[in-house]
Amino acid sequence: MDIRKLLMKDIMIMNLKATTKAGVIDEMVHHYYEKGIINDEELYKKDILKREEEGSTGMGDGIAIPHAHDKAVNKPAVMFARSVEGVDYDSMDGQPAHLFFMIAAPEGGDNTHLQALAALSQVLMNPDVVAALKKADTPDKVQDIFAKAVAEKEAENKAEEEAEKQAPASSDKPYIVGVTACPNGIAHTYMAEENLKKTAKKMDVDIKIETNGSEGVKHELTADEIKRAKGVIIAADKKVKMARFDGKHLVNKPVTAGIKEPEALIQEILDEKAPVFHATGDEGETAEESSNGGVWANIYKQLMNGISHMLPFVIGGGILMALSFVVENYMGGSHSLAFKFLNNAGNMAFAFMVPVLAGYIAEAIGDQPALMPGFVGGFMAMVYKGSFGGVYQANFHANAGACAGFLGGIAAGFIAGYIMVGLKKLFAKLPKSVEGMKPMLIYPILGLLLIALIMFFIINPIFSGINLVITHFLNSMGTGNLVLLTMILAGMMSIDMGGPFNKAAYVFASGAFANDPHSTTAAILMAAVMVGGMVPPFATAIGTVLFKNKFTKQERQAGVTNWVLGFSFITEGAIPFATADPLHVIPSCIVGSAVGGAIVGWMKIGVPAPHGGLWVTPLATNWWAYILATVIGSIVAGIIMGLIKKKVSEDPYE
């Protein structure tokens with residue numbers, strides 16, 4: 001395809017008005033909409049921003065390539081825009097961007113335009129082309145520069161392919177293979193390929209790069225090429241088959257590393273400083289799972305995989321439960337069909353929350369075979385006796401009444417994941433004739449057996465034992481020092497948000513209330529646990545508003561929902577935050593909850609209701625003090641959380 005058919009003159013912006021990154025995106029997307037290139041401005045912009053969250057498309061050297069591949073695009077196009085003054089675009093080199101190329105790629109199109117986009121991305125790595133573009137002041141000049149550069153690049157690519165077929169890599173030069181890939185596969189994939197090839201040529205190294213872009217896998221590496229290679233460079237932000245690289249020195253980095261630091265990657269292979277990669281024997285293994293980005297970076301990614309899949313259950317279930325409390329308190333009571341329907345639907349979603357968290361943590365570690373053991377382990381963390389048929393009992397203390405909660409679910413996810421990694425290594429040398437038994441028989445049976453044994457005999461008994469100790473401690477306290485008791489009860493609600501500490505505190509208070517619903521002390525204890533349980537979701541909502549740079553975009557979106565969940569005494573809304581950053585979130589919430597609980601005891605605030613959060617405020621003995629205790633505790637927790645949390649980068653690899 002002639003690049004001029006994509007890089008159309010009538011959609012170019014030769015003098016951008018925008019002065020910020022957000023402004024550039026808004027101006028260019030709107031221009032696309034006005035020119036009829038896209039039919040849904042909001043959808044296309046959403047996908048542009050989603051790509052920016054995965055890593056800035058500010059490539060450095062004054063260039064930015066925002067792009068999206070979605071159904072809002074009517075026809076493929078590349079919009080060129082120029083800013084004479086330059087715009088801070090979060091570029092890799094920290095310098096302002098002057099040249100912008102917004103790529104619009106339609107879903108389901110042919111590969112012709114994708115090949116042209118790949119060639120365009122490659123020529124932008126040519127400093128002569130960039131210098132010429134910076135001087136170009138008319139659309140005709142821009143088109144001419146690209147038409148010439150792309151034609152030369154395509155001819156060069158064909159010549160290289162022919163030469164490679166006729167004369168394989170020279171035996172007297174080091175030979176390296178690599179893979180480049182990015183989520184959209186439009187720009188970064190080919191820019192990383194180009195920089196690695198150019199740098200290898202300068203270093204007198206033969207190299208072959210397999211690209212995994214929008215048009216599929218190109219220049220696929222053969223078994224012979226991998227065998228001959230001194231090492232492997234993976235510059236990828238999405239799944240890449242890794243088992244084929246077993247026994248090779250391997251560098252595994254984000255795709256941006258292939259663009260920014262190709263020489264360092266190549267040199268690491270040449271110096272044999274890259275670790276030797278050992279496959280687990282499963283062809284499904286991916287670059288994400290074998291990343292050498294550090295232990296904590298991998299743990300964080302694995303947690304995020306669980307959290308991202310868990311969030312819809314938290315949000316959907318939480319909102320329906322909140323609505324059920326509205327119905328219960330103001331529109332028909334607990335016996336109404338509307339309450340039962342909404343409350344049961346919400347509870348059903350919550351029942352899946354921890355199993356989904358555990359399942360997808362496990363899947364991030366051990367791939368698909370680990371999903372089922374992770375789900376079951378997470379389920380076992382939430383069930384302490386025979387809720388489903390009366391058969392399953394998690395421990396030897398049937399009266400302990402405590403499940404492991406979300407902390408036990410996290411443990412189950414990691415345990416199940418690494419069980420599967422171990423099983424893959426254990427059965428890696430099975431004969432080819434029985435290879436098919438692994439995913440269909442060996443992995444599911446042994447994975448389930450091992451996770452069930454560990455949860456049944458180790459994890460849940462530990463948490464149940466903790467619950468017995470806590471319950472005994474609370475019973476021994478009595479109500480002599482009411483402020484201290486309410487402070488402890490409220491603080492315990494934030495420790496594990498559904499686990500032994502939370503459950504013991506709630507059962508203690510609700511038990512006292514059930515024994516004597518007219519007791520003033522029981523009502524005060526009930527108010528303390530409700531305030532303590534409302535603080536975590538409110539605190540995270542406050543934190544995401546006051547300290548936006550301390551939370552990811554996904555967390556900020558979840559924070560909006562937590563206003564409703566906090567109001568409804570649904571502590572679980574804070575679980576995704578506590579899972580992602582327990583060392584900062586949980587202590588902050590404990591302090592805030594304890595402060596709120598102390599205020600309840602000090603002001604003798606009573607709420608004669610076992611649940612409902614702020615919806616039952618009219619029932620409180622001192623309604624304004626009940627609200628005040630919740631607000632003060634939440635603000636204290638939110639501010640502490642914001643102050644002690646570290647800033648986050650929207651680039652998941654930084």
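Since this is a predicted model, take the numbers as computed values, not measurements.
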Which heavy atom of Phe547 sits nearest a heavy atom of Gly638, and at what distance?
CE1-O, 3.9 Å

Taking the side chain as every heavy atom from C-beta outward, state whether Phe513 and Pro610 have any pair of such atoms under 4.5 Å apart.
yes

Under 3.5 Å side-chain donor-acceptor pair for Glu555 and Thr544:
no

Is the shortest side-chain heavy-atom distance between Ile542 and Ser634 below 4.5 Å?
yes

Met493 versus Gly532, closest heavy-atom pair with distance:
CB-C, 3.7 Å

Crowding at CD, Gln557 (>12 non-hydrogen neighbours, <6.0 Å):
yes

In terms of heavy-atom contacts, Phe350 and Val314 come closest through CE1-O, 3.5 Å

Heavy-atom check, side chain of Pro369 versus side chain of Pro444, under 4.5 Å
no

Tell me, yes or no, whether the heavy-atom count around Trp623 atom CH2, taken from other residues, nucleotides or ligands under 6.0 Å, exceeds 12.
no

Only one of Ile307, Val585, Leu407 forms a side chain to side chain contact (heavy atoms under 4.5 Å, CB included) with Thr579, so which one is it?
Ile307

Which atom pairs, one a donor and one an acceptor, fall under 3.5 Å between side chains of residues 564-578 and the rest of the protein, sequence neighbours left out?
unit_1 : atom_1 : unit_2 : atom_2 : d
Ser568 : OG     : Val564 : O      : 3.0
Ser568 : OG     : Trp615 : NE1    : 2.9
Thr571 : OG1    : Gly533 : O      : 2.9

Which atoms form the tightest heavy-atom contact between Leu43 and Lys71, and what is the distance?
CD2-CG, 3.8 Å

Would you call Met321 and Asn347 a side-chain contact if the rule is heavy atoms closer than 4.5 Å?
yes

May I ask you to decide whether Asp88 forms a salt bridge with Lys21, counting only side-chain N to carboxylate O separations under 4.0 Å?
no

Before giving the answer on side-chain contact (heavy atoms from CB on, under 4.5 Å), spell out for Leu449 and Leu453 the whole-Å C-alpha distance, their side-chain angles and the decisive distance to 0.1 Å.
CA-CA 6 Å; Leu449 177 63; Leu453 286 170; 4.1 Å; yes

Leu371 CG to Glu363 CD distance, which is reported to the nearest 0.5 Å:
6.0 Å

For the residue pair Tyr360 and Phe375, does the interplanar ring angle fall in the parallel (under 30°), tilted (30 to 60°) or perpendicular (over 60°) class?
perpendicular

Side-chain contact test, heavy atoms from C-beta onward, threshold under 4.5 Å: evaluate it for Trp624 versus Met603 and give yes or no.
yes

Centre of Phe551's six-membered ring, under 6.0 Å away, within 45 degrees of the axis: is that where NZ or CZ of Lys645 sits?
yes

